[in-house]
There are 2 protein chains.
Amino acid sequence: MIDGGGGGDAVRHRVLEAVLRLVERGGVAEASLRRVAEESGVNIGSVRHRFGSHEALLTAAAEEVGARMERRLDAALLDPPGPSDVAGRRALLEHVVAALLPEAPEERAELVALHEFVAAARIHPAFRPLAARMGRDMRALLRRALDLAGVADLDVETERLVALVSGLTFDLVHPHGAGADTPAPHEVLRHHVAALIPG
Amino acid sequence: MIDGGGGGDAVRHRVLEAVLRLVERGGVAEASLRRVAEESGVNIGSVRHRFGSHEALLTAAAEEVGARMERRLDAALLDPPGPSDVAGRRALLEHVVAALLPEAPEERAELVALHEFVAAARIHPAFRPLAARMGRDMRALLRRALDLAGVADLDVETERLVALVSGLTFDLVHPHGAGADTPAPHEVLRHHVAALIPG
DNA sequence: CGGACGTTATCACAGCTGTGATAAACAGGT
DNA sequence: ACCTGTTTATCACAGCTGTGATAACGTCCG
């Protein structure tokens, strides 16, 4: 099998998981062919035979983690209709944004890896299609959530929420300057949602 | 001269400028000793003699661009007392935040380089002190500006503004998913400031 | 059986990296 | 004039990188 992007394959899965672990730990630069081979336990020859080139391997891993995030985002909006009172609309918004800022360790790790790929897109053109798609997905999701929650000024409010979530994500991936007394991300989020949907 | 961190030195300045150009273009990985030597026109032997090691060279460049940003932030708060009516307080906030999101090309380039160093701190411990300091500086500045503008809920509003500015910065450094019709960063900013200081 | 194909296992190659080392040219100050 | 420190100019070394190439082994399917 020469990798058509399919999902039901043990070896492919092991290799991509290894790439994601390495990227989460040390950025895209850490995911060299030899390291991926060692980390996954798959022979370097197999890795190359499957994915063709180093760049193809990394973009496959990036597409994989991007697709997982998209699945999670879709589920977040399909899941909860909810009541349309103030509390229900606030809960809807918080629920959707929570999908973008997961707390579970494995999802958190995937978020870090995805963030690393998106950041690397500035330098490596191979990641740009994915980065652009993820940005559009995020905007579309938040816009629809704001719309469902009955928020006005959709254009600018979408952009504000995108920036807020991006900033929280960045600080989550690159912790710097936040003390023990600074409010947690979800607190900031609740505050923003409450300001958007006044009681 | 073996580099004590002083400023009045032509060779040192040329080398550090070369590092910043390379980092802005291609991330910290692009700023190898040989490339810096070629880009600056200074012999690689001199570069090594001055800075001792590759890591020391990069941290010196990071400290340099960090210090420049800090100078700009200090100036932003010393500069304008301004009237204390609604328009004046909004103008103050926008003025301060504008220092964090410069539009001039050279300052923009420095912002990209600084962002790259802060992001690299996740992986390279040498940049962590700088990253932490920049994060604290940003928080302190925005907190003082919000305080001067008479905004309540200082703790959470500071964190919200920090996240907003971080997100706008990230999207500025790593453009992804923003269409031609999406509101510009300064528009989002004005909207947020107007929401913080109701008329 | 036999061919196709994925997998493991190597070797070699050119290219880049930071670093150690050395030598000569040049500068400025005592 | 002499010494000290900076600059330029090289060479070598080990280590990593992606890639090309080859060969043997295994498995599965026709």
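Worth saying up front: this structure is predicted, and the values here are computed from it rather than measured.
Across the protein-nucleic acid pair, B/H49 atom NE2 and C/dC26 atom P stand 18 Å apart, rounded to whole Å. Residue B/D9 contributes atom CG, which lies 15 Å from atom C1' of C/dG28 at whole-angstrom precision. Nucleotide D/dG18 holds its P atom 9 Å from the CG atom of A/L57, rounded to whole Å. Between the CG atom of B/N43 and the P atom of C/dC26 there is a distance of 15 Å, rounded to whole Å. For the pair A/F51 CZ and D/dG18 C1', the interatomic distance rounds to 16 Å; values are reported in whole Å. Note: CZ (A/R14) to P (C/dT7) measures 10 Å, nearest angstrom.
Sequence neighbours left out, the pairs with a member in residues 179-199 of chain A that pass salt bridge (charged side-chain N to carboxylate O under 4.0 Å, His left out) are A/E94-A/R190.
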Exercise for the section: Determine, step by step, whether B/R160 and B/D153 satisfy the salt bridge (charged side-chain N to carboxylate O under 4.0 Å, His left out) criterion, reporting the C-alpha distance in whole Å, the side-chain angles of both residues, the deciding distance to 0.1 Å, and the verdict. Expected result: CA-CA 11 Å; B/R160 180 155 71 135; B/D153 268 335; over 6 Å; no

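In terms of modelled atom types and a separation under 3.5 Å, the side chain of B/R136 and the main chain of A/G177 share no donor-acceptor contact. No side-chain donor-acceptor contact under 3.5 Å links B/R89 to the backbone of B/L148.
A salt bridge is absent between B/E30 and B/R25: the closest approach of a Lys/Arg side-chain nitrogen to an acidic carboxylate oxygen does not fall below 4.0 angstrom. A salt bridge links B/R68 and B/E110; the closest N-O separation between the charged side-chain nitrogens and carboxylate oxygens is under 4.0 Å.
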Would you tabulate the nitrogen or oxygen pairs shorter than 3.5 Å linking the protein to nucleotides 20-24 of chain D?
from   : atom 1 : to    : atom 2 : distance (Å)
D/dG20 : N7     : A/R48 : NH1    : 3.1
D/dG20 : N7     : A/R48 : NH2    : 3.0

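Nearest to the side-chain atoms of B/S46 among the listed nucleotides C/dT7, D/dT10, D/dT7 stands D/dT7. In this structure, of D/dT8, D/dT10, C/dG18, it is C/dG18 that holds the atom nearest to the side chain of B/H54.
Between the side chains of B/H13 and B/E64, no donor N or O sits under 3.5 Å from an acceptor N or O.
Counting heavy atoms from C-beta on, the side chains of B/L130 and B/T59 never come closer than 4.5 Å. Side-chain contact between B/F170 and A/T169: absent, with no pair of heavy atoms (C-beta onward) separated by less than 4.5 Å.
Using a 4.0 Å cutoff on non-hydrogen atoms, the parts of residues 30-39 of chain A near DNA chain D are A/S32, A/L33, A/R34, A/R35, ordered by number.
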